[in-house]
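A, B, ... follow the sequence lines: proteins, then strands. Residue 1 opens every chain.
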Amino acid sequence: MDEIKIVFPDGSAGQCNYGTTIKEIIASWKKEMLPSIVAAKLNNKPVDLSHPIIEEPAALSLINIEAKEGLEILRHSISHVMAQAVKDLFDGVQITIGPSIEEGFYYDFDYSENFTPEDLTKIEERMREIVAADYPFVRREMSRQEAVSFFRERGETYKVELLNELPEDVRTISLYSQGGYVDLCRGPHIPSTGMIRAFKLLNVAGAYWRGDERNKMLQRIYGTGFATEKALAEYLHIVEEAKKRDHRKLGKELDLFQMNDEAGPGLIIFHPKGARLRNIIEDWERKEHLKRGYEMVIGPQILKADLWKRSGHFDHYRESMYFTEVEDQTYGIKPMNCLAHMLIYKSKIRSYRDLPLRYFELGTVHRHEKTGVLHGLMRARQFTQDDAHILCTPEQLNGEITAIADFVSYAMQVFGFDYDVEFSTRPEKSIGSDEEWEMATAALEGALKINKIEHEVNEGDGAFYGPKIDFKLKDALKRKWQCATIQCDFTLPERFDLSYIGADGEKHRPVMLHRVILGAIERFMGVLIEHHAGAFPVWLSPVQAVLMTVTDKHIPYGEKVYNDLIEAGIRAERDFRNEKLGYKIREAQMQKVPYMLVIGDREMESNKVSPRERSGKDLGATGVDEFIELVREKSAQYQ
RNA sequence: GCCCACGUAGCUCAGUCGGUAGAGCACAUCCUUGGUAAGGAUGAGGUCACCAGUUCAAUCCUGGUCGUGGGCUCCA
């Protein structure tokens, strides 16, 4: 067979000689495209550009460097270049794995010394040399046996381990090399190192071999790469922007909360303004839950350990719980709110006519999170969930899930977020029977299907007592945050022997849903802070307006206006200090207060205020009532 | 919990190759009464995270503890 029929990416037909490489085909077809093509797909299989065409049919499509897939290949190739640079510079380094990840790539190394930030600079320099040398990425295939002895000879024991753990049926192993560096890799890769134009090494971190904490800690170098310098600069700019928005930084600057060494790690102390913000959110929660048929309940903070044994928490969640001894009794400090809700249900005989019962609690829980995971408001040891437990008949399950999904959708709209939905199934460590899990899984999945809710599936990611639907909101920087979740639980009603009397006069087991809407209020506040960069919309602003006098003689009138605003429920503050107006404005601006009300001669004479928006826009002289109305309009969600 | 880095005034940070520290902002007092992002002067403020060790001498070196940050594992 000398001639092979090929189908070009645009669908047109052509032919080439047996063994012609894809690169050669593109060169003769549309040469100008070559610089932006990292790899190709041959009959939908990703391959290198150096791949020869030796089979029919040969349908080609190209992978552009700017496309998601192209970027992944580019980054993966950069990680190989980085590994080469590290091997060149440091003796005795063992390479392990180095994939591309969402925002870049990493490579894990086993090395006796620690890499320093200066080392990163050196590695980058060496990488630039490798890029300048324009080494081709060469694919080589060998048998499993050959590959094992090849890496064993080179002292790359991690690669040998990887090879040994490949499934039996993998017989041929592919290796990629560039400029003397060889790595075990499936590929494809970019044609040569010269194609790399924009990359940066970001930081060094520890990472367990194969992500298992029982294994050795390796050193991971993170980096990122883009098709162009411009795209890299844009990415680095977003990283900077994220740093500026860091809720821990803004929390301090805006005087919202503190974390205090003396109080303990993971414990949040809300300052007046942070407490106000939190109260606004919680008021909104109560109002919305009452509207939707929830009843508010309040459980105790500690419950006897025996009860936690009964619920299964003692066996499955003990490591994350705090315990305390009182009068020879062990009490568990609640890490979840469900127990008291179970006891409320059990306090009397329930009829099917009572269901569904929806118990809502802004429940404060304590979880003994590992120190290394604590992160400002996002990950604390004490936090408050907008938690509810719904007890219903199996038939009602669908409607309840639908209603929750609607609630979440409404909440996200009110707070201004987009979101994704993820569905998680049974994890390894779980309680309950197979049938229960199947029923619960089918119920959640069914509701998603009926309501046509688009979602991803995370196998094995569910809670230990049931499968769950997670809603991940997306903030202004497109970062995802876990907030709402719906978890189906057939186990707890069983363990607590919950029942209701059905229309048939018989006892039946109710089904339970655990759900949160905003999740942890603390985390949600953290997300809000970062989403708005601290400049909250009027309805959420801890301080909605600052009154500022031009001179001391305006203070009496200022006090009168202040009283009017406070009376009307506006969160106003006074800045009547002996400072210039510009100074007061600057301060209010940095505190990101939505309105600054200037009070001088003109306002005093006309009985008005002059609001200046946070944007810098001057609204001109406005009656006090008129201003109150304006703020009310902008706070409609809250009223 | 694990790996690495870090911890200096209320905040942001400088500094001391071992001889008990400094700036800007904030704060206080005084002057100034000034219309849309910093008016001026003076002053107060630190057991250099904590505990040991080495040393004539430790904020600096060593070890430990606590905390913070970036990750890993885990998770609302």
- Below 3.5 Å, does any donor atom in the side chain of A:E603 face an acceptor in the base of B:rG35, or the other way round? yes
(Q) Salt bridge check, A:R577 against A:E587: does any charged N sit closer than 4.0 Å to a carboxylate O? (A) yes
Is the shortest side-chain N to carboxylate O distance from A:R75 to A:E72 below 4.0 Å? no
Q: Would you classify A:G372 as touching base, sugar-phosphate or nothing, given that sugar-phosphate means primed atoms plus P, OP1 and OP2, and contacts are heavy atoms under 4.0 Å?
A: base
Q) On a whole-Å scale, what distance lies between the C1' atoms belonging to B:rG43 and B:rA26? A) 14 Å
Q. Reckon A:D618 touches a base, only the sugar-phosphate, or nothing at all at heavy-atom distances under 4.0 Å?
A. base
Which is true for A:Y208 with a 4.0 Å heavy-atom rule: it touches a base, it touches only sugar-phosphate, or it touches nothing? base
Point to revise | A:K87 and A:E156 ion-paired at < 4.0 Å | key: yes
Need one value for A:K617: base, sugar-phosphate or nothing, where a base atom within 4.0 Å counts as base even if backbone is also close, heavy atoms only. nothing
query = A:R248 near the nucleic acid: base, sugar-phosphate alone, or nothing, with a heavy-atom cut-off under 4.0 Å?
reply = sugar-phosphate
>> So, under a plain 3.5 Å distance rule, would you say the side chain of A:R214 forms a donor-acceptor pair with the base of B:rC2?
In response: no
inquiry  = Does A:K252 reach a base, just sugar-phosphate, or nothing at all? Heavy atoms under 4.0 Å.
reply    = sugar-phosphate
Of B:rU33, B:rC75, B:rU36, the nucleotide closest to the side chain of A:T551 is B:rU33
| So what does A:E369 hit on the nucleic acid, given a heavy-atom distance under 4.0 Å: a base, only sugar-phosphate, or nothing? | base
Handout entry: Salt-bridge contact A:E626-A:K608 (side-chain N to carboxylate O under 4.0 Å)
Key = no
### Query
Side chains of A:Y465 and A:Q487: donor-acceptor distance under 3.5 Å anywhere?
yes
Of B:rG35, B:rC72, B:rC3, the nucleotide closest to the side chain of A:R220 is B:rC72
(request) Verify whether one side chain among A:Q382 and A:T364 offers a donor that lies under 3.5 Å from an acceptor in the other. (result) no
Exercise. At under 4.0 Å between heavy atoms, what does A:Y222 touch on the DNA or RNA strands: base, sugar-phosphate, or nothing?
Worked result: sugar-phosphate
Picking from B:rG71, B:rU68, B:rG35, the nucleotide nearest the side-chain atoms of A:P265 would be B:rU68
Check: Base, sugar-phosphate, or nothing: which does A:N114 touch, judged by heavy atoms less than 4.0 Å apart?
Finding: sugar-phosphate
* Touch class at under 4.0 angstrom, heavy-atom based, for A:A588 against every strand present -> nothing
Pick the C1' atom in B:rU59 and in B:rA14, then give their distance to the nearest Å. 14 Å
In whole angstroms, the gap separating P of B:rC72 from CZ of A:R379 amounts to 12 Å
Ranking A:R614 and A:G211 by the position along RNA chain B of their nearest nucleotide, the one closer to 5' is A:R614
Could you check whether A:V373 gets within reach of a base, just the sugar-phosphate, or nothing at all, counting any heavy atom under 4.0 Å?
-> base
5'-most contact on RNA chain B (nearest-nucleotide basis), A:L518 vs A:T371, goes to A:T371
Side-chain contact check for A:E579: nearest option of B:rG39, B:rA38, B:rC72 is B:rG39
